[in-house]
Amino acid sequence: MAKTKASIPQGTRDFSAEVVRKRNYIFNTIKNVFELYGFAPLETPAMENLETLMGKYGEEGDKLIFKILNNGLDNAAKQEQIKNDFEKVLAGKNTSGITERALRYDLTIPFARYVAMNHGQLTFPFKRYQIQPVWRADRPQRGRYREFYQCDADVVGSKSLLNEVELVNIYATVFNKLGIDVEIKINSRKILAALAELCGGSDKMVDITVAIDKLDKIGIDKVKEELTQRGLQQNQITNIEQYLQIGGTNEEKLVAIKTLFANVETGKQGIEEIEYVLNGQWSTVNGQLAIDFTLARGLNYYTGIIFEIKAQGVQMGSIGGGGRYDDLTGLFGVPDIPGVGISFGVDRIYDVMEELKLFPEAISGGTKILFFNLGEAERKAAFTLMQQLRNKNIACEIYPEQTKFDKQFKYADKKQIRYALIIGSKELAENNCVLKNLQSGEQTILSHNELLTYPF
RNA sequence: GAGGGCAUAGCUCAGUUGGUUAGAGCGACAGUUUGUGGCACUGUAGGUCGUGGGUUCGAAACCCAUUGCUCUCCCCA
């Protein structure tokens, strides 16, 4: 067989032991908080039917879905049909004749699909969390991968804004535990809708939000330019400029927006929502929640409050986001199940923590004791002791080859193993063992019983 | 989808206006050292200079193409 050059697909990564341990530290922190708030786990398949995903993430999103080529395309009997189907693909259409499955793009849509499929069996309000990889055919760059993990928590079957309050508290708790200084940006799609209404063009909502979302990146003048390009009239742009000039504290922003939307019913609703969440923070959130009227997020399915997480002191895209959607399951034929959810982007959180050096010194794991291999009879005695320690839940390993001390010590060093346990001919004869702390260099002679009760 | 940058040993990188047999540090392996590691010293192995073509007496270097990686924009976690 021809030799294959060892490589992995663009935007994917292997994770070494050290990295996996750090990632697990993040996963466990998030998972424990989810559990603490009453969310139950769910896992869905890596692949979904293509039609489940298509059209749910906007035009850009559709392009970024990883599609899976059907098997059996070389079937001679179906060649005509397959050629016809492929013509459709060349014309930019999807066809089940060529591809009918795709890799999961996010966790929210598969969850909505799951709820729609199982709504008869579920107890509402239904609270689930999900920690799994997703795939996007994006071009990789800093903080952007083609395979990455999301950690989602969603509540469906409840319209209560108390859910939003809980989710904000989950965000604050998790980032507190991880030691990341974040800003939790909050806005409401209703406020964005109201702005479009105020500008006399609800149909222009997408154009407006896409443009104003870029305010902090490109500045007010460029935003106005883009609005003009997108067909907004001068008086409408003036309105939008007024809206964008709203600043100050959360309270000041609310006063200003109330004036602006005094006669816009949708806007008033949005303001009430934000006020409710702001007032419902309780003690967990201190000053991290910030109103950002330019926050837009994906325009696909959000209908109420929306969130986005920005890490402070580091150049990185959002490390989390979420919001309320009125009718996600409606896309799958089951109407009237409203929901709200949040997502953590673990890979970016990892990058942020690495850059700011926020990982704790000792993320536990790995072998605690290395048993030296110093001969056949010695090895047997060591092995028996080792198994007894393993039964006590202490991670041990024995050097598989009988070789000189030097080599076994170096192995322990490389793996950062804390203790070496030595049974040579002398210890074998005296029926004891030598335990050496490899950090301090101290070593003590212990009886077998003393070793088994040693406070590691 | 658009546009930059980079590609030399396992890793990080030198390599002069194009000129003999392409180097260093780290790592690996062996030895000094068959009952005590981290240090030190000595030695050994390891390179189609990403790939293909071109220019030239001569290319790691210059030109073209190609692939991979990386970064920015779009968009996103």
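Order of the sequence lines fixes the chain letters, A, B, ..., with proteins taken first and strands second; residue numbering starts at 1 for each chain. Any value given below was found using the heavy atoms of this structure, including those in side chains, with hydrogens, waters and symmetry copies removed.
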(message) Determine whether the aromatic ring of A:Phe405 stacks with the base of B:G37, defined as ring centroids separated by less than 5.5 Å and ring planes inclined by less than 30°.
(response) no

(request) Just call it for A:Phe372: base, sugar-phosphate, or nothing, with non-hydrogen atoms closer than 4.0 Å on any strand. (result) nothing

(message) Classify A:Ser425 by what it touches in the nucleic acid, base, sugar-phosphate, or nothing, heavy-atom distance under 4.0 Å.
(response) base

(message) I'd like to know if A:Arg128 pairs up with A:Asp154 as an ion pair, taking the criterion as any Lys NZ or Arg NE/NH1/NH2 lying under 4.0 Å from an Asp or Glu carboxylate oxygen.
(response) yes

(message) Any donor-acceptor pair under 3.5 Å linking the side-chain atoms of A:Gln130 with those of A:Thr44?
(response) yes

(message) Starting the side chain at C-beta, find the nucleotide from B:G37, B:A28, B:G35 nearest to A:Ile422.
(response) B:G35

(request) Return the nearest nucleotide to the side chain of A:Gln141; candidates are B:C74, B:G27, B:G35. (result) B:C74

(message) Closest-nucleotide mapping onto RNA chain B: is A:Gly321 or A:Gln315 further toward the 5' terminus? I mean the 5' end.
(response) A:Gln315

(request) Answer with base, sugar-phosphate or nothing: what part of the nucleic acid does A:Lys414 contact at a heavy-atom distance below 4.0 Å? (result) sugar-phosphate

(request) Please evaluate the base of B:C76 for a donor-acceptor partner in the side chain of A:Arg348 within a cut-off of under 3.5 Å? (result) yes

(request) For B:C73, give its Watson-Crick or G-U wobble partner with both distances under 3.5 Å, or none. (result) B:G1

(request) Classify the ring geometry between A:Tyr419 and A:Phe456 as parallel (under 30°), tilted (30 to 60°) or perpendicular (over 60°). (result) perpendicular

(request) Please tell me which of the listed nucleotides, B:G31, B:G3, B:C75, lies nearest to the side chain of A:Val210? (result) B:C75

(message) What I want to find out is whether A:Lys88 reaches A:Asp85 closely enough, with some N-O distance under 4.0 Å, to be called a salt bridge.
(response) yes

(message) Say we look at B:C11 and B:C69: how far apart would their P atoms be, to the nearest angstrom?
(response) 15 Å

(request) Quick one: look up who B:C26 pairs with, Watson-Crick or G-U, both distances under 3.5 Å, and put none if it's unpaired. (result) B:G10

(message) Using the side-chain heavy atoms of A:Leu438, tell me which of these nucleotides is nearest: B:G37, B:A77, B:U72.
(response) B:G37

(request) To the nearest Å, give me how far apart NZ (A:Lys63) and P (B:C75) are. (result) 11 Å

(message) So if I take every side-chain heavy atom of A:Glu60 and compare against B:C76, B:A2, B:C75, which nucleotide ends up nearest?
(response) B:C75

(message) Suppose you measure atom P in B:U51 against the same atom in B:A9; what distance do you get, rounded to whole Å?
(response) 10 Å

(message) For B:G37, does the base pair up with any side-chain atom of A:Asp406 as donor and acceptor (N or O, under 3.5 Å, distance only)?
(response) no

(message) Over all strands shown, is A:Gly441 touching base, sugar-phosphate only, or nothing at heavy-atom distances under 4.0 angstrom?
(response) base

(message) By the 4.0 Å heavy-atom rule, please label A:Glu147 as base, sugar-phosphate, or nothing.
(response) nothing

(message) Does the structure show a Watson-Crick or G-U wobble partner for B:U56, both distances under 3.5 Å? Name it, or say none.
(response) none

(message) Measuring only the C1' atom in each nucleotide, how far is B:U20 from B:A2? A whole number of Å is fine.
(response) 47 Å

(request) Return the value, rounded to whole Å, for the distance between atom NZ of A:Lys185 and atom P of B:C76. (result) 13 Å

(request) Take atom CG of A:Asp138 and atom C1' of B:C73, then tell me their distance rounded to the nearest Å. (result) 12 Å

(message) Using the C1' atom as the point on both nucleotides, what is the distance between B:G54 and B:G4, in whole Å?
(response) 26 Å

(request) Using only side-chain N and O atoms of A:Lys410, determine if any of them is under 4.0 Å from OP1 or OP2 of B:C29. (result) no

(request) Considering just the side-chain nitrogens and oxygens of A:Arg297, establish if one lies under 4.0 Å of OP1 or OP2 belonging to B:A77. (result) yes

(message) Please tell me whether A:Phe27 and A:Tyr149 form a close aromatic pair, meaning their ring centres lie under 6.0 Å apart.
(response) yes

(message) So if I take every side-chain heavy atom of A:Ser318 and compare against B:A77, B:G31, B:G3, which nucleotide ends up nearest?
(response) B:A77

(request) Look at the side chain of A:Asn163 and the backbone N and O of A:Ser160, then say whether any donor-acceptor pair between them is shorter than 3.5 Å. (result) yes

(message) Does the structure show a Watson-Crick or G-U wobble partner for B:U48, both distances under 3.5 Å? Name it, or say none.
(response) none

(message) Rounding to an integer number of angstrom, what distance separates B:G18 and B:U55 when you compare their C1' atoms?
(response) 11 Å

(request) Using Watson-Crick or G-U wobble geometry with both distances below 3.5 Å, tell me the partner of B:U32, or none. (result) B:A40

(request) With P as the reference atom in both, quote the distance from B:G46 to B:C39 in angstrom, rounded to an integer. (result) 26 Å

(request) Could you tell me whether the side chains of A:Tyr302 and A:Asn187 share a donor-acceptor contact shorter than 3.5 Å? (result) no

(request) For A:Gly61 and for A:Pro9, find the nucleotide of RNA chain B with the closest heavy atom, then tell me which residue's nucleotide is more 5'. (result) A:Pro9

(message) Which nucleotide wins on minimum distance to the side chain of A:Phe409, given the candidates B:A77, B:G35, B:G37?
(response) B:G37

(request) Determine the Euclidean distance between corresponding P atoms of B:C63 and B:A7; express it in Å to zero decimal places. (result) 13 Å

(request) Please state how far atom NZ in A:Lys214 lies from atom P in B:C74, giving the value in whole angstrom units. (result) 6 Å

(message) Regarding B:U36, can its base be found pairing with the side chain of A:Gln443 as donor and acceptor, where the two atoms are less than 3.5 Å apart?
(response) yes

(message) Heavy atoms only, 4.0 Å cut-off, all strands: where does A:Gly424 land among base, sugar-phosphate and nothing?
(response) base

(message) So that I can tick it off, tell me whether A:Arg136 and A:Glu60 are bridged by a salt bridge, with the cut-off set at under 4.0 angstrom between side-chain N and carboxylate O.
(response) no

(message) I want to know whether A:Tyr105 and A:Phe66 have ring centres closer than 6.0 Å.
(response) no

(request) For the side chain of A:Lys407, starting at C-beta, report the closest nucleotide among B:G38, B:A77, B:C29. (result) B:C29

(request) Just name whichever nucleotide pairs with B:G18, Watson-Crick or G-U, keeping both distances under 3.5 Å, else none. (result) none

(request) Choose from B:U72, B:G38, B:C75 the nucleotide whose nearest atom is closest to any side-chain atom of A:Arg142. (result) B:U72

(message) Quick check for you: among B:C74, B:G35, B:C69, whose closest atom lies nearest to any side-chain atom of A:Gln10?
(response) B:C69

(request) Please report, rounded to the nearest Å, how far the P atom of B:U34 is from the OH atom of A:Tyr399. (result) 16 Å

(message) Can you confirm whether or not the ring centre of A:Phe409 sits under 6.0 Å from the ring centre of A:Phe372?
(response) yes

(request) Send over the distance from A:Arg23 CZ to B:A77 C1', rounded to a whole Å. (result) 12 Å

(request) Could you work out the separation of B:C62 and B:U17 based on their P atoms and round it to a whole Å? (result) 11 Å

(message) Could you tell me how far apart A:Glu59 (CD) and B:C74 (C1') are, to the nearest whole angstrom?
(response) 13 Å

(request) Quickly work out the A:Arg13 CZ to B:G68 P distance and round it to whole Å. (result) 19 Å

(request) Quick one: label A:Asp347 by what it contacts on the DNA or RNA (base, sugar-phosphate, nothing), any heavy atom closer than 4.0 Å. (result) nothing

(message) Using a 4.0 Å heavy-atom cut-off, does A:Gly58 contact any base of the nucleic acid, only the sugar-phosphate backbone, or nothing at all?
(response) nothing

